[in-house]
Amino acid sequence: MNSLTLAIDTGSPVVSVALGAGPTPLAHRSATQREASGSLLRLVDEVLVDAGHRVSEVARIVALSGPGSFTGLRVGMATVLGLHQALGMPATALPTLEVLASWAQQGAGIQTAAVVAVVDALRGEWFAQRFELDEWPSAIEAPQRIAASMVVAELATSPVVGFGARRLAAFGADPSSLLEPDFLAVAALAVADRSGLVWDPGTLLEPLYLRSPVIDKTPRPGLRGAPGRW
């Protein structure tokens, strides 16, 4: 039997956990982003119970590293790093855009030469990266942050995959070319099983935000150094 792999995605709108024998999923669970921070370990436990295994039997563990929810990424990657440190299993982080491209190829059966993976960057922008589809998705270019209209204008020659991708139809994209995954932890199992993958727990310290978080610097009454009364 192949080594058991645990995969966790907490940066996407649909948070998911999957356990697989190599690339073959044995069990998976999902939750909304809002529920994830308080229920992630419960989801992990439920997946293990569903598959009939204990956490001590897991051979390796992966987390998706983004781009995605700032808080979600931190929760997931810290959890995986903690399990790695506690149990000594190999661990690494996988770029979310690459896993999206793999889902399009393996899960949706896309047969085109290339696919564009996207993550909603909010404020009318998207993170986007084009991948060539061969045996495995291979990045053609670095990820970029561009307006929704530019995603359609620049990348319309390839199918687009990502959570919320169908909203790009409002900017002129062909609806039939817009693919939305169900959850990504299962797709991550296949990426984690490919030969040549470097298992580096240090990658769990480097979320791929691709943009600095927005910090509200507006003074608040009653705060030290800000106008107002205590």
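The shown structure was predicted, so the numbers you read here are calculated from the model rather than taken from an experiment.
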Taking every non-hydrogen atom, the tightest pair across Trp136 and Ser102:
CZ3-OG, 4.3 Å
Donor-acceptor side-chain pairing of Arg130 and Ser158 below 3.5 angstrom
yes
Start with the C-alpha distance between Phe171 and Val151, add both sets of side-chain angles, then the distance that settles side-chain contact (heavy atoms from CB on, under 4.5 Å), and finish with yes or no.
CA-CA 9 Å; Phe171 296 88; Val151 175; over 6 Å; no
Ignoring hydrogens and angles, tell me if any N or O in the side chain of Thr79 forms a donor-acceptor pair with the backbone of Val75 under 3.5 Å.
yes
Considering all heavy atoms of both residues, which atom of Ala114 and which atom of Thr112 are nearest to each other, and what is their separation?
O-OG1, 2.8 Å
Whether the side chain of Gln105 engages the backbone of Leu133 through a donor-acceptor N/O pair (distance < 3.5 Å, no angle test) should be reported.
no
Using side chain to side chain donor-acceptor pair (under 3.5 Å), reason through Asp200 and Thr203 one step at a time and then give a plain yes or no.
CA-CA 6 Å; Asp200 179 7; Thr203 58; 5.3 Å; no
With the 4.5 Å side-chain cut-off for hydrophobic clustering, are Ile140 and Val118 part of the same group?
no
Can you classify the ring geometry of His28 versus Phe183 as parallel (below 30°), tilted (30 to 60°) or perpendicular (above 60°)?
tilted
Cluster overlap Trp199 with Leu94, hydrophobic side-chain contacts below 4.5 Å
yes
Passes salt bridge (Lys or Arg N to Asp or Glu O under 4.0 Å), Arg74 versus Glu206? Steps please.
CA-CA 9 Å; Arg74 290 194 295 269; Glu206 302 175 352; over 6 Å; no
Starting from Leu208, can I reach Leu64 by hopping between I/L/V/M/F/W/Y residues whose side chains sit under 4.5 Å apart?
no
Report the C-alpha separation of Leu40 and Thr10 in whole Å, then their side-chain angles, then the decisive distance to 0.1 Å, and conclude whether the side-chain contact (heavy atoms from CB on, under 4.5 Å) test is met.
CA-CA 8 Å; Leu40 181 58; Thr10 53; 3.8 Å; yes
For Glu135, does the CD atom have more than 12 heavy-atom neighbours from other residues, nucleotides or ligands under 6.0 Å away?
no
Shortest non-hydrogen contact from Ala165 to Leu178?
O-CD1, 3.4 Å
Is Leu179 reachable from Val99 through a run of I, L, V, M, F, W or Y residues, each pair having side-chain heavy atoms under 4.5 Å apart?
yes
In the single-linkage hydrophobic clustering (I, L, V, M, F, W, Y; side-chain heavy atoms under 4.5 Å), do Val55 and Leu189 co-cluster?
no
